[in-house]
Amino acid sequence: MDSADDPLVGRVLDGRYEILARQAGGGMATVYRARDRRLGREVAVKILHDDRTDDDSGAATFDREARAAATLHDSHIVGVFDQGEDRGRPFIVMEFVDGCTLRQVIAREAPLPPPRALAYFEPIVSALAVAHEAGLIHRDVKPENVLISARGDVKVGDFGLARQLTAATATATGVLIGTPSYVPPERVEFKPADKRSDVYSAGVMLFELLTGQKPYAGDNSEVARQHITRDMPAPSSIVGPTAIPHWLDELVVACTRRDPELRPHDAPDLLRRVREARAALASGTWEDGELTRVMNPFAGHPSDTAGAPSLAATSLRPPMPPPPVSAVAETTPHLAFGHDEPPDDPPRPGGARSATGPVTFPGFRQEQKYRRRRAIVLTLVLAVLAAAIGTGTWWLVSGRYTDVPDLHGMTQGQATTAVRDAKLTIEFTHDYSEDVPVGQVISAVPGPGTRALRDSVVKAVLSQGPLRYGMPPVAGLSLDDAKTALAANHLVTGQVTQEYSDTVKEGTVIRASQEQGAQLKPDTAVDLVVSQGREPITVSTYVGSAADDAITRLTDAGLNPQRTDVFSPDYSAGCPAAPAPAVAKGLVIKQEPDSGTLYKGDTVTLTVSKGPASTTVPDITYGSSVDDAKKALEKAGLVPRIVNDTSGVLLLGVVHMTDPAPGTDVAQCSIVTIHVV
């Protein structure tokens with residue numbers, strides 16, 4: 001059905017998810033591309049088909065998929081965001097992966113060269129490892145359930161058949177669960193699935209990536225039969241021995257063993273081998289016997305020989321009833337109970353041998369030698385059984401366990417050797433340490449001395465040395481920006497103090513307690529000094545104070561005093577009728593500004609008294625006229641005063657003398673008395 005004809009396109013589910021287009025359909029549900037109106041992002045919505053909404057098993061599978069995937073958080077697993085129901089139809093909201101499926105990649109490009117095949121395969125196994133560690137098995141691993149984004153991200157989806165390992169993972173209902181091309185033999189035999197079942201299906205996918213074809217052909221029943229009766233061929237038998245390293249062949253063979261005991265025991269175990277394989281390819285290793293043993297430790301094991309049907313294969317067919325005596329006698333030279341060879345001397349009825357050679361139904365009469373033979377056989381069986389019970393008891397109680405070695409302080413190579421010697425496997429992660437040198441083991445789980453099952457995984461943490469972060473440049477930043485820069489470098493803001501600055505703008509960081517570029521521990525506290533701008537200075541008035549003292553105080557306060565000296569009083573405009581009082585020399589007459597708030601470096605102007613201006617009484621000779629004397633005094637900046645010194649009859653009107661006398665230095669605008677006779 002085209003998206004334009006799909007009635008769900010354009011509908012908004014749960015008032016939130018707007019269906020945009022139909023992406024894909026399956027037997028149970030259809031997947032649509034949708035837009036989450038609340039968060040404004042594209043999502044994938046999987047909606048159960050109408051005809052499955054009343055099917056309890058279908059709804060349960062749908063619900064199980066949502067719950068299973070929602071518990072898993074990994075970049076290689078399609079995330080589940082939400083689950084709901086719209087008009088009675090359950091739906092799941094998932095991460096939208098814009099790209100194609102691995103099936104499309106195989107159809108277009110397979111067979112892939114080993115490096116590229118493993119580049120696709122590793123993230124698939126990584127996703128399965130996350131599921132296995134969470135106690136889930138996928139049960140439907142196939143290329144159709146692997147999505148490749150446009151950026152090349154590989155994600156595993158469709159956990160609809162997933163089960164918790166604590167629950168019954170399959171029942172002998174006669175209904176095959178999964179896709180026949182990828183189903184493991186134990187599932188064909190309707191036995192419970194476990195983590196090794198996912199490993200088998202993944203191995204089939206790796207075979208298909210390397211060869212471009214599925215290992216078995218035919219209808220579903222024929223393919224299923226071949227899974228339990230035939231060994232998976234090595235990929236190099238399809239594409240040629242020069243195209244694939246022998247150890248990579250062995251990895252595929254190990255994953256697809258018909259006997260689950262001979263496979264990697266879970267996806268984490270397989271992931272370790274895949275990573276070693278990728279490392280070998282990267283280093284150009286093509287032949288390596290030790291690596292071959294790592295890939296397939298059970299190579300050549302007799303319990304999984306090619307072409308021999310397993311015991312489980314015979315259990316699919318009901319036992320055949322014994323044929324009639326006549327039919328046996330006429331058609332077969334063997335016993336009617338499926339033995340490969342008859343006994344040395346099979347008796348005829350009544351104890352006689354057959355004349356023609358074919359053996360008839362044995363009689364009930366037992367001769368003495370057969371009784372002795374049976375006793376010997378019974379004794380041997382009992383001895384073997386006792387040995388098996390003893391060995392089994394030892395294995396269950398002690399033999400299957402080993403002690404975890406103390407790995408602390410070992411290098412990666414030393415730890416790998418120690419763990420292998422203890423019959424365990426190891427996985428490494430990395431972390432920082434203040435105490436453990438780079439490349440040495442910080443810790444391991446399980447801890448040293450712990451009793452652990454053989455071949456179980458020890459997870460060790462290698463030191464990357466002490467974690468340090470560089471001190472970012474913060475001088476010149478605002479306080480908020482400086483805090484953000486520190487947080488981005490995993491540092492914290494310590495004490496913030498403020499300081500006046502003539503050069504740094506208010507609110508800007510002046511300096512920090514750590515040097516730029518210094519390597520610091522995470523969460524180191526860095527103190528900051530922030531500018532308050534220019535320092536304000538309250539101006540005091542110094543009018544009437546000694547000028548030198550005023551200049552010193554203003555300078556100490558950070559101001560710039562400027563001095564102007566003038567006469568006091570100032571008679572530059574002429575002598576007033578009422579002379580102003582004089583200010584002593586060296587005292588401040590005026591200050592600008594004389595109050596208020598200034599800032600460092602601002603100018604304060606001081607007007608300072610030079611004392612009164614002086615002049616000399618001009619030389620007024622005896623007998624000068626009064627007018628001439630007055631003019632001479634006024635020109636010299638003095639104030640003349642006339643006094644008549646005669647009381648006689650005769651008044652000559654000429655200057656007799658001046659007081660002060662001519663040549664005397666007096667203050668400007670001083671009064672000079674002219675004595676007239």
Side-chain angles (χ1 to χ4, degrees), residues 537-599 601-677:
I537 302 171
T538 301
V539 180
S540 299
T541 181
Y542 292 98
V543 174
S545 300
D548 291 342
D549 182 60
I551 289 172
T552 299
R553 291 176 179 272
L554 290 171
T555 301
D556 291 344
L559 297 172
N560 178 29
Q562 297 294 318
R563 173 173 176 164
T564 301
D565 290 281
V566 298
F567 291 110
S568 176
D570 183 9
Y571 296 133
S572 58
C575 294
V583 176
K585 183 179 181 179
L587 299 183
V588 176
I589 302 171
K590 184 172 67 172
Q591 173 182 321
E592 291 183 354
D594 63 352
S595 63
T597 300
L598 297 179
Y599 296 93
D602 284 355
T603 298
V604 177
T605 301
L606 299 177
T607 301
V608 181
S609 173
K610 294 195 293 183
S614 63
T615 186
T616 302
V617 177
D619 185 13
I620 300 175
T621 61
Y622 175 79
S624 298
S625 69
V626 174
D627 289 339
D628 289 341
K630 288 175 62 178
K631 289 178 181 178
L633 290 174
E634 289 174 351
K635 183 177 180 181
L638 297 171
V639 178
R641 186 178 66 170
I642 307 299
V643 176
N644 291 315
D645 286 342
T646 181
S647 58
V649 178
L650 181 64
L651 177 61
L652 299 178
V654 295
V655 174
H656 169 65
M657 59 177 293
T658 61
D659 184 17
T664 304
D665 288 331
V666 295
Q668 190 177 14
C669 291
S670 294
I671 297 174
V672 176
T673 302
I674 301 174
H675 293 272
V676 180
V677 294

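Any value given below was found using the heavy atoms of this structure, including those in side chains, with hydrogens, waters and symmetry copies removed. Just so you know, residue 1 is the first one in the sequence shown, and it goes up from there.
Taking both residues in full, the closest heavy atoms of Val677 and His656 are given as CG1-CB, 3.4 Å, listed atom of the first, atom of the second, then distance. Pairing each heavy atom of Ile674 with each of Ala629, the nearest pair is CD1-CB, 3.6 Å. Heavy atoms only, all atoms of each residue included: Ala557 and Ile537 are closest at O-CD1, 2.7 Å. Of all heavy-atom pairs between Gly611 and Ser609, the closest is N-OG, 2.9 Å. Contact detail for Pro593 and Thr603: the closest heavy-atom pair is CD-O, 4.0 Å. In this structure, Gln591 and Ser540 approach most closely via the heavy-atom pair NE2-O, 2.9 Å.
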message = Could you walk me through whether Val617 and Leu633 satisfy the side-chain contact (heavy atoms from CB on, under 4.5 Å) test, starting with their C-alpha distance in whole Å, then the side-chain angles of each, then the deciding distance to 0.1 Å, before giving a yes or no?
response = CA-CA 7 Å; Val617 177; Leu633 290 174; 4.2 Å; yes
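Between the Thr616 side chain and the Pro618 main chain, no donor and acceptor come within less than 3.5 Å of each other. Between the side chain of Thr615 and the backbone N or O of Ala636, at least one donor-acceptor pair lies under 3.5 Å. A donor-acceptor pair under 3.5 Å is formed between the side chain of Ser625 and the backbone N or O of Asp628.
Remark: Leu587 CG to Thr607 OG1 distance equals 13.0 Å, nearest 0.5 Å. Between the OG1 atom of Thr597 and the CG atom of Asp602 there is a distance of 10.5 Å, given to the nearest 0.5 Å.
The pair Asp565-Lys585 does not meet the salt-bridge criterion, since no charged nitrogen lies less than 4.0 angstrom from a carboxylate oxygen. Using a 4.0 Å cut-off between charged nitrogen and carboxylate oxygen, Asp549 and Arg553 count as a salt-bridge pair.
Within the 4.5 Å cutoff, no side-chain heavy atoms of Thr673 are placed close to those of Thr658. A heavy-atom distance below 4.5 Å is not found between the side chains of Thr541 and Ser595. Considering only heavy atoms from C-beta on, Pro612 stays 4.5 Å or farther from Gln668 through its side chain. Inter-residue side-chain proximity for Ile642 and Lys630 is flagged as met; some heavy-atom pair is nearer than 4.5 Å. With contacts defined as side-chain heavy-atom distances shorter than 4.5 Å, the pair Val604/Asp594 does not qualify. Within the 4.5 Å cutoff, side-chain heavy atoms of Tyr542 are placed close to those of Leu554.
The local environment of NZ in Lys610 is crowded, with over 12 non-hydrogen atoms from other residues, nucleotides or ligands closer than 6.0 Å. Counted within 6.0 Å of CZ on Arg641, heavy atoms from surrounding residues, nucleotides or ligands total 12 or fewer; the atom is thus considered open.
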